[in-house]
S.K.: 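Here it is, the structure in full.
None of the values given here were measured: they were computed from a predicted structure. Numbering of residues begins at 1 and proceeds along the displayed sequence.
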Amino acid sequence: MKVLAATTAAAALKVSHKSHHAATQDWCDEILDGFEMMFYWMDEDESGSISAEEAIAFGVPESDIEMLGYLDADGNGELTPDELVPIVNEVLDYYGCEGI
C-alpha cells in the first residue's frame, strides 16, 4: 500500500538495515521515533495535524490521498497523531514490537 509506505518513510529509513525477526526494545523505540519525526516533518504549519496538501508536499501521491480519509476518524480532513495509531501499530506488529 503506497500510503503505508509513505507514512512509514522515516521509520523505514531508520530500520532498513535490521532484520524484522530480531526486534529489540531499542529498535521498537527507533520505529516510534521515526513516526514522530515523520509526523512533524509533514506538519509544515505546526498545527498538530496533517492536511492533504501537507501529505502531498511530503510525497504522498495525490491518487492516494483519498485513502488517508479512511484514517480521518473525526472527518475534519486532517490527520492527528492519534488517527495514525492504527498504521503505527501495524508496522510495530510487523517488526515484532508491542503496539501503542
Side-chain angles (χ1 to χ4, degrees):
M1 171 192 275
K2 290 181 184 177
V3 171
L4 180 59
T7 307
T8 63
L13 288 173
K14 291 188 86 172
V15 299
S16 64
H17 65 286
K18 297 183 180 184
S19 166
H20 76 275
H21 297 294
T24 65
Q25 187 57 48
D26 287 342
W27 187 22
C28 296
D29 291 343
E30 284 185 28
I31 293 170
L32 288 172
D33 289 347
F35 272 106
E36 184 176 334
M37 286 188 313
M38 178 272 316
F39 184 86
Y40 290 106
W41 287 339
M42 289 179 77
D43 184 18
E44 292 180 344
D45 65 1
E46 299 179 4
S47 66
S49 61
I50 300 169
S51 67
E53 293 80 15
E54 288 171 320
I56 291 167
F58 187 73
V60 176
E62 287 187 46
S63 59
D64 289 350
I65 293 300
E66 179 182 338
M67 297 172 76
L68 294 176
Y70 296 117
L71 299 172
D72 183 13
D74 61 10
N76 70 349
E78 297 191 350
L79 297 177
T80 63
D82 290 340
E83 291 171 321
L84 293 174
V85 168
I87 285 182
V88 172
N89 282 336
E90 270 189 52
V91 172
L92 290 171
D93 182 57
Y94 176 80
Y95 287 104
C97 301
E98 187 175 322
I100 55 175

S.K.: Taking all atoms of both residues into account, what is the closest heavy-atom pair of E83 and A73, and its distance?
M.R.: OE2-N, 2.9 Å
S.K.: Has the side chain of E44 got a donor or acceptor atom that lies under 3.5 Å from a matching backbone atom of E54?
M.R.: no
S.K.: Search all heavy atoms of L79 against all heavy atoms of F39 and return the closest pair with its distance.
M.R.: O-CE1, 3.7 Å
S.K.: Closest approach of G99 and N89, non-hydrogen atoms and distance?
M.R.: CA-OD1, 3.1 Å
S.K.: Nearest 0.5 Å, please: how far is CG in D82 from CG in L71?
M.R.: 12.5 Å
S.K.: Using only heavy-atom distances, determine whether the side chains of D45 and S47 contain a donor-acceptor pair under 3.5 Å.
M.R.: yes
S.K.: Is there a side-chain contact between L84 and F35 (heavy atoms, below 4.5 Å)?
M.R.: no
S.K.: Counting N and O atoms only, with roles assigned by atom type, does the side chain of D72 sit under 3.5 Å from a partner on the main chain of N76, one being a donor and the other an acceptor?
M.R.: yes
S.K.: What I'd like to find out is whether the side chain of M42 reaches to under 4.5 Å of the side chain of V60, using heavy atoms alone.
M.R.: yes
S.K.: Tell me, please, which residues at least two apart from E36 pass side-chain hydrogen bond (donor to acceptor under 3.5 Å, both in side chains).
M.R.: none
S.K.: What closest approach, in Å, do A55 and I50 show between heavy atoms, and which atom pair accounts for it?
M.R.: N-CG2, 4.0 Å
S.K.: Check whether E98 reaches the backbone of C28 with its side chain - one donor and one acceptor, N or O, closer than 3.5 Å.
M.R.: no
S.K.: Which heavy atom in I100 sits nearest to a heavy atom in V88, and how many Å separate them?
M.R.: CD1-CG1, 3.8 Å
S.K.: Could you report the tightest heavy-atom contact between S49 and D43, atom names first, then the distance?
M.R.: O-OD1, 2.9 Å
